[in-house]
Amino acid sequence: MSAPAPSPLAVVDAEPLPRQEEVLTEAALAFVAELHRRFTPRRDELLARRAERRAEIARTSTLDFLPETAAIRADDSWRVAPAPAALNDRRVEITGPTDRKMTINALNSGAKVWLADFEDASAPTWENVVLGQVNLIDAYTRKIDFTDPRSGKSYALKPADELATVVMRPRGWHLEERHLTFDGRPVPGALVDFGLYFFHNARRLIDLGKGPYFYLPKTESHLEARLWNDIFVFAQDYVGIPQGTVRATVLIETITAAYEMEEILYELRDHAAGLNAGRWDYLFSIVKNFRDGGAKFVLPDRNAVTMTAPFMRAYTELLVRTCHKRGAHAIGGMAAFIPSRKDAEVNKVAFEKVKADKDREAGDGFDGSWVAHPDLVPIAMASFDAVLGDRPNQKDRLREDVSVAPGDLIAIDSLDAKPTYDGLRNAVQVGVRYIEAWLRGLGAVAIFNLMEDAATAEISRSQIWQWINAGVVFENGEKATPELARKVAAEELAAIRAEIGEEAFAAGKWQQAHDLLLHVSLDADYADFLTLPAYEQLVG
């Protein structure tokens, strides 16, 4: 099909960036404008539907599988499209933002897949949005050699057959892109990220023997998956590539999506590549949706909620069964540990935990899993090699032994652990440190030997909010109150000032981060996403 007549262009409102003209071409901006014109109204309706569903959960304090889609779940005949060769073996995937150094290191990491992240691991400054696209284009054309100006170290790509396959993650549906407008309103960030990447790289990736592959974040329903599927159909026709070239893996990182896994795969069946179990956003979604459900929905410290918690086991085992029943890949969760260059004992303990986690996932039937650092690739690879051997995946393992009732997914009170005072302090520490970096344009941040992203800050502020509103009493006898949260935050801010020194403290955005964390943690009107008020404060 030939491309339709050009649409009016989306309007760029930003200071010029180096090489932006390679990304923000007239043809690319016309494509983004057409995506916006056709699909943003439906996106707006779906965001309104999220609010309606959340109100229903507040009223009932429960969720169930959808009665209106029972026929889809009962029909054993349908499958998703077979995986393309480049996505058939996904036993280890590395995640990270699309800055130049990370692009090279991730592609060279030895992982089968790189999740090139424009979402939670990337603060959406205009520079990150546009230059991330430049870096991916340069990677595909092998023009991405890079010398670190601080260390002098040079980075270059390995041979093509040794590089990870890229699966790109655009922003979630809730975020706007203020630097790109059409008809006087911002274009959704998801359409900007997807549109620019797809327009410039779809054909190029096909020529490289791969294709335009995507991770879809923050999905809350099968209707949102249907919207993405319609976008893929339109986009493939627009640039004239075969239908089914696009492949999408959906992150099941919201509690509502966990009740619609089969329906999500069904809506995307011609373009579906699999589902992924995303831990921190999933816990954040539970708190957000059941925040007024009483004591039985109060989560303990985030580090006490492991993937072996009964309600998390229900979620992951249902995901594996669902994917394999429908011929899709099941991808496990993140190993976020960042190896220490100074403390071998820290590394030893952490590596053992990572190995146990990946052994469990491979044993449960997952086809692959995530890591945040190249040093973890061999550990995760060994766990999956031991189970898979030469097979690319274990989709033939149907897990028909798994049976999950609706209540199992929200049985939060099946966990013995309770919130602790140290958990409150950790939530404040990590929240302030992450938000400060995010406000400086960094979305992936090493904090206390873990690679943290926006989902970390979301669960941190959500737990502070939940504990205060539930009147939690910690083991030391102190009650979670706004006053206690302010006291802990003031102490942590003073500790950071003492740790990094007056000059570095003044040069950062520490007070701003402290204030924003308290705002979203203490405001009676719970913000749907921390990144919405944070984006208003993000410079660039």
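Glu224 and Arg50 are joined by a salt bridge, as a carboxylate oxygen and a charged side-chain nitrogen come within less than 4.0 angstrom of each other.
Glu177 places a side-chain heavy atom less than 4.5 Å from the side chain of Val129. Taking the side chain as every heavy atom from C-beta outward, Trp173 and Trp228 approach each other to under 4.5 Å. Using a 4.5 Å cut-off on side-chain heavy atoms (C-beta onward), Phe448 and Asn426 make contact.
Taking OG from Ser61 and CD1 from Ile410, the interatomic distance works out to 8.5 Å, rounded to the nearest 0.5 Å. Here the CH2 atom belonging to Trp126 is positioned 7.5 Å from the CD atom belonging to Gln20, to the nearest 0.5 angstrom. Taking CD1 from Ile94 and CG from Leu115, the interatomic distance works out to 10.5 Å, rounded to the nearest 0.5 Å. Put simply, CG on Leu66 and CD on Glu260 are 4.0 Å apart, with the number rounded to the nearest 0.5 Å. Between atom CD1 of residue Ile331 and atom SG of residue Cys323 there is a gap of 8.0 Å, rounded to the nearest 0.5 Å.
Note that Arg171 lies outside the cation-pi zone of Phe118, set by a 6.0 Å cut-off to the ring centre and a 45° limit from the axis. Taking the centre and axis of the six-membered ring of Trp510, the NZ or CZ atom of Arg497 falls outside the cone set by 45° and 6.0 Å.
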Test log, rule salt bridge (Lys or Arg N to Asp or Glu O under 4.0 Å), inputs Asp357 and Lys353: CA-CA 6 Å; Asp357 186 51; Lys353 288 182 178 178; over 6 Å; no

Worked check of side chain to side chain contact (heavy atoms under 4.5 Å, CB included) between Leu517 and Arg461: CA-CA 7 Å; Leu517 177 68; Arg461 64 97 179 188; 3.8 Å; yes

Walk me through whether Arg185 and Thr181 qualify under side-chain hydrogen bond (donor to acceptor under 3.5 Å, both in side chains). CA-CA 5 Å; Arg185 64 166 292 186; Thr181 60; over 6 Å; no

For residues 486-495, run the donor-acceptor check on the side chains, cut-off 3.5 Å, and write out each pair with its distance to 0.1 Å, sequence neighbours left out.
unit_1: Lys487; atom_1: NZ; unit_2: Glu491; atom_2: OE2; d: 3.2
unit_1: Glu491; atom_1: OE1; unit_2: Arg425; atom_2: NH1; d: 3.4
unit_1: Glu491; atom_1: OE1; unit_2: Arg425; atom_2: NH2; d: 2.7
unit_1: Glu492; atom_1: OE1; unit_2: Gln429; atom_2: NE2; d: 3.2
unit_1: Glu492; atom_1: OE2; unit_2: Arg425; atom_2: NH1; d: 2.5

List, one per line, each side-chain donor-acceptor pair under 3.5 Å for residues 472-480, sequence neighbours excluded.
unit_1: Glu475; atom_1: OE1; unit_2: Tyr421; atom_2: N; d: 3.2
unit_1: Asn476; atom_1: OD1; unit_2: Glu478; atom_2: N; d: 2.9

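Around the CD atom of Glu503, the shell of radius 6.0 Å holds no more than 12 heavy atoms that belong to other residues, nucleotides or ligands. Within 6.0 Å of CD in Glu499 there are more than 12 heavy atoms belonging to other residues, nucleotides or ligands. Under a cut-off of 6.0 angstrom, the local environment of CZ in Phe311 is crowded, with over 12 non-hydrogen atoms contributed by other residues, nucleotides or ligands.
Side chains of Thr62 and Thr60: no donor on one and acceptor on the other come within 3.5 Å. A donor and an acceptor atom, one from each side chain of Asn229 and His271, are located under 3.5 Å apart. Using a 3.5 Å distance cut-off with no hydrogens or angles, the side chains of Thr420 and Asp301 do pair a donor with an acceptor. Tyr526 and Ser462 share a donor-acceptor pair across their side chains, judged by distance under 3.5 Å alone. Remark: the Glu263 side chain and the Thr69 side chain contain an N/O donor-acceptor pair separated by less than 3.5 Å. No hydrogens or angles considered: a donor-acceptor pair under 3.5 Å links the side chains of Arg100 and Asn135.
Not one N or O on the side chain of Asn105 forms a donor-acceptor pair closer than 3.5 Å with the backbone of Pro374. Checking side-chain atoms of Tyr215 against main-chain N and O of Val167 turns up no donor-acceptor pair under 3.5 Å.
Here the rule is salt bridge (charged side-chain N to carboxylate O under 4.0 Å, His left out) with Glu56, and of Arg53, Arg54, Arg59 only Arg59 fits it.
Taking the six-membered ring for Trp and the full ring otherwise, the centers of Phe194 and Phe232 sit less than 6.0 Å from each other.
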